[in-house]
S.K.: 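Okay, handing you the structure first.
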Amino acid sequence: MKHVKSSPDACDIETESFEKRRREKVRLASRLSRAKKRREFLTLKEANEKLRDEGERLKIKINQLKCQVENKLSSSELEMIAENAALKIQLQNHKAFFKEFMRLTTGTPSTRTAQHDLCRQGSVSAQDYLKGLIAQSQLYWDQLKPPQSKSLAASLSMLNIHYQLLDNGLFQADKNSKGLKRFNLRIDLSFPNLSAKKVADWYWNTFVNSAQDQCRLLGVEKFEFKSIDSPDPNTQLVYNHKEWENKKDQGTVFICNRKEETLLRSTLAPPLDEAAEDEGKASEVFGKVKAHVVAMTATHSTLETMRSYGPELRSDIPEDVNHITSVVIQGSVSYEEDGVCHFINVLSFPENYRIIDLAHSECIREDGTMTEEFGQILEKMTKEMAKDLMLPQAS
């Protein structure tokens with residue numbers, strides 16, 4: 001008996017043809033998606049290269065200006081001019097970078113790798129903000145006088161504190177922040193026989209990784225934070241949330257970064273005190289030091305960065321809060337010299353940003369004297385810091 005090979009029916013042929021077309025569509029969509037992501041990456045890369053080129057061009061201009069005035073100014077004054085000009089460059093780069101970021105991410109899908117790269121770029125701006133703020137403090141900030149209470153003044157005698165009150169100005173984010181005042185604060189401390197890395201790690205673990213430690217250190221309540229992302233062990237995107245009973249809750253997004261680098265000693269020197277200034281003595285210091293830098297910056301752009309991550313990473317973050325959009329800068333520099341660890345802590349924030357419930361006028365009187373309330377907070381902070389670092393405390 002002869003067997004006849006049956007031919008596939010029309011239904012099988014149609015199914016196979018449909019599957020072939022579907023696979024072809026999937027491959028095409030995949031190619032288009034990869035091409036789109038590559039275009040986004042190349043666009044961002046080109047934008048970053050332009051920023052670097054512009055930065056180099058402005059640095060050359062700064063060097064030319066230095067040459068023009070080098071015979072008229074001291075070395076410390078020259079360095080301050082350069083640092084202030086560099087700060088303006090850094091602010092321009094920061095704004096341009098996040099403008100490009102928002103152009104790329106608004107309305108388009110983003111990969112986690114691209115977001116990590118953007119966070120790292122933002123961390124560079126955070127470092128620039130911090131170092132620019134320290135440099136600015138050396139010429140323009142006043143020494144904060146101790147509180148009237150003698151016992152409180154004695155307990156704070158180890159702190160060298162300088163401050164500046166000014167209009168929000170350059171850091172104004174939008175029309176809602178117009179007219180706000182800004183409070184800049186610098187605290188210098190010295191610790192004999194203590195590792196600079198230990199102090200820097202303490203600062204990072206306290207202010208970047210632990211809301212509980214911040215509450216203990218500053219004596220505040222109802223303060224929480226959520227880590228949005230961590231591109232690497234030294235970079236964090238963090239959301240801080242402060243609840244208030246008598247006003248709208250506050251939300252702030254920080255990009256945090258820590259690094260070890262070599263810095264000019266002259267750029268870290270404390271502001272010139274009044275006595276030395278009256279005598280015409282410049283605070284000339286030379287050489288380089290290995291420093292541990294922790295930088296935290298919050299801007300309107302960091303808020304938009306957080307929003308770009310999508311609802312799955314920020315599902316428990318409330319939107320009905322007072323989002324701080326003016327620049328907030330916080331951080332520290334720790335370095336060792338002659339067996340002593342020097343610790344610089346700086347802050348810069350507008351008057352609508354608060355962790356402690358004190359307005360600027362409730363921290364500093366018109367005559368430049370520290371208020372008792374602010375002094376008590378600083379006293380508690382230094383005592384808690386001494387406990388954490390196992391330092392001997394005055395009885």
Side-chain angles (χ1 to χ4, degrees), residues 126-127 130-131 133-135 137-138 141 143-144 146 151-163 185-219 233-236 256-273 283-296 329-347 355 370 374-395:
Q127 289 280 341
L130 183 80
K131 284 175 276 193
L133 189 65
I134 291 175
S137 72
Q138 293 178 304
W141 296 13
Q143 190 161 26
L144 183 57
S151 60
L152 190 57
S155 67
L156 298 175
S157 60
M158 78 293 292
L159 302 179
N160 186 13
I161 307 176
H162 292 79
Y163 77 99
L185 186 70
R186 170 174 174 160
I187 302 174
D188 288 77
L189 271 167
S190 297
F191 306 111
N193 305 314
L194 193 62
S195 162
K197 185 178 185 306
K198 181 177 181 179
V199 177
D201 287 345
W202 168 85
Y203 193 91
W204 176 267
N205 292 330
T206 300
F207 288 97
V208 177
N209 289 336
S210 175
Q212 182 179 356
D213 283 340
Q214 290 186 62
C215 291
R216 173 179 57 83
L217 200 71
L218 301 174
N234 297 320
T235 305
Q236 295 267 11
C256 314
N257 178 260
R258 61 178 173 178
K259 66 187 296 188
E260 181 180 335
E261 62 179 318
T262 300
L263 299 175
L264 289 174
R265 176 68 181 83
S266 59
T267 63
L268 303 174
L272 195 65
D273 60 45
S283 179
E284 294 283 356
V285 286
F286 303 97
K288 298 179 179 181
V289 292
K290 184 169 67 175
H292 297 265
V293 186
V294 177
M296 304 169 59
I329 306 169
Q330 178 178 338
S332 70
V333 176
S334 308
Y335 65 95
E336 296 173 36
E337 190 175 49
D338 299 329
V340 176
C341 171
H342 297 274
F343 173 73
I344 304 169
N345 181 27
V346 291
L347 303 95
I355 297 299
M370 184 190 308
F374 188 47
Q376 290 168 1
I377 291 173
L378 292 180
E379 181 183 43
K380 177 176 177 56
M381 182 187 73
T382 53
K383 286 183 177 179
E384 293 295 329
M385 183 179 183
K387 290 179 184 177
D388 292 347
L389 296 173
M390 295 181 289
L391 300 174
Q393 298 187 59
S395 58

S.K.: Between D213 (side chain) and F207 (backbone), is there a donor-acceptor pair under 3.5 Å?
M.R.: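 No, the answer is negative, given that no donor and acceptor are paired below the 3.5 Å cut-off.
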S.K.: What is the minimum heavy-atom distance between L217 and M385, and which atoms define it?
M.R.: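 Answer, listing the atom of L217 first, then M385: CD1-N, 3.9 Å.
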S.K.: Apply the side-chain contact (heavy atoms from CB on, under 4.5 Å) test between I187 and each candidate in L156, T382, L159; give the one that qualifies.
M.R.: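 Of L156, T382, L159, side-chain contact (heavy atoms from CB on, under 4.5 Å) with I187 is met by L159 alone.
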S.K.: Ignoring hydrogens, what is the shortest heavy-atom contact between W204 and T235? Give both atom names and the distance.
M.R.: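 For W204 versus T235, the nearest heavy atoms are CH2-N, 4.2 Å.
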S.K.: Nearest 0.5 angstrom please: C341 SG to N193 CG, how far?
M.R.: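 Separation between the atoms: 10.5 Å.
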S.K.: For a quick test of reading the model, state the closest non-hydrogen atom pair linking S266 to Q138 and the distance between them.
M.R.: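 Closest heavy-atom pair between S266 and Q138: O-NE2, 2.8 Å.
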S.K.: Run the numbers on R258 and Y203 for side chain to side chain donor-acceptor pair (under 3.5 Å), then give the verdict.
M.R.: CA-CA 10 Å; R258 61 178 173 178; Y203 193 91; over 6 Å; no
S.K.: So does Q212 have more than 12 non-hydrogen atoms from other groups sitting under 6.0 Å from CD?
M.R.: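 Counting other residues, nucleotides and ligands, CD of Q212 stays at 12 neighbours or fewer.
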S.K.: Tell me the closest heavy-atom pair linking H162 and N160, and the distance in Å.
M.R.: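 That closest heavy-atom pairing would be CE1-OD1, 3.1 Å.
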S.K.: As an exercise, state the distance from CG of L185 to CG of N345, rounded to the nearest 0.5 Å.
M.R.: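 So the CG of L185 and the CG of N345 are separated by 7.5 Å.
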S.K.: To the nearest 0.5 angstrom, please state how far the CD1 atom of I329 sits from the NZ atom of K131.
M.R.: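 One gets 13.0 Å once the value is rounded to the nearest 0.5 Å.
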S.K.: Start with the C-alpha gap between L152 and M370, add the side-chain angles, then the distance that decides, and say whether side-chain contact (heavy atoms from CB on, under 4.5 Å) holds.
M.R.: CA-CA 10 Å; L152 190 57; M370 184 190 308; 5.9 Å; no
S.K.: Between K198 and D201, does any NZ, NE, NH1 or NH2 come within less than 4.0 Å of an OD or OE carboxylate oxygen?
M.R.: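 Judged by the 4.0 Å cut-off on N to carboxylate O distance, D201 and K198 do not form a salt bridge.
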S.K.: Which heavy atom in E379 sits nearest to a heavy atom in S155, and how many Å separate them?
M.R.: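 Minimum heavy-atom contact is OE2-OG, 3.0 Å.
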S.K.: Verify, without hydrogens or angle tests, whether E260 (side chain) and H292 (backbone) share a donor-acceptor contact under 3.5 angstrom.
M.R.: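 Judged by distance alone, no pair lies under 3.5 Å.
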S.K.: Quick one: CD1 on I344 to CG on L268, what's the gap to the nearest 0.5 Å?
M.R.: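 Reported value, rounded in 0.5 Å steps: 4.5 Å.
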S.K.: For residues L189 and V199, determine if any side-chain heavy atom of one lies less than 4.5 Å from a side-chain heavy atom of the other.
M.R.: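 No, side chains not in contact.
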S.K.: So, taking the atom named CD in E336 and the one named NZ in K290, what distance separates them when rounded to the nearest 0.5 Å?
M.R.: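 Reported to 0.5 Å precision, the distance equals 8.0 Å.
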S.K.: Assess the residue pair L263 and V293 against the criterion (side-chain contact (heavy atoms from CB on, under 4.5 Å)); give the C-alpha distance rounded to whole Å, side-chain angles, the decisive distance to 0.1 Å, and a yes or no.
M.R.: CA-CA 10 Å; L263 299 175; V293 186; 4.2 Å; yes
S.K.: Looking only at heavy atoms, which two atoms of R216 and D388 are closest? And how far apart?
M.R.: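 For R216 versus D388, the nearest heavy atoms are NH2-OD2, 3.0 Å.
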S.K.: Could you grab the distance from atom CG of L218 to atom NZ of K380, nearest 0.5 Å is fine?
M.R.: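 Result: 9.0 Å between the selected atoms.
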S.K.: Does the pair I134 and T267 meet the rule for a side-chain contact (heavy atoms from CB on, under 4.5 Å), with working shown?
M.R.: CA-CA 8 Å; I134 291 175; T267 63; over 6 Å; no
S.K.: Taking the inter-plane angle between the rings of F343 and F191 on a 0 to 90° scale, is it parallel (under 30°), tilted (30 to 60°) or perpendicular (over 60°)?
M.R.: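 Ring orientation, 0 to 90° scale: tilted.
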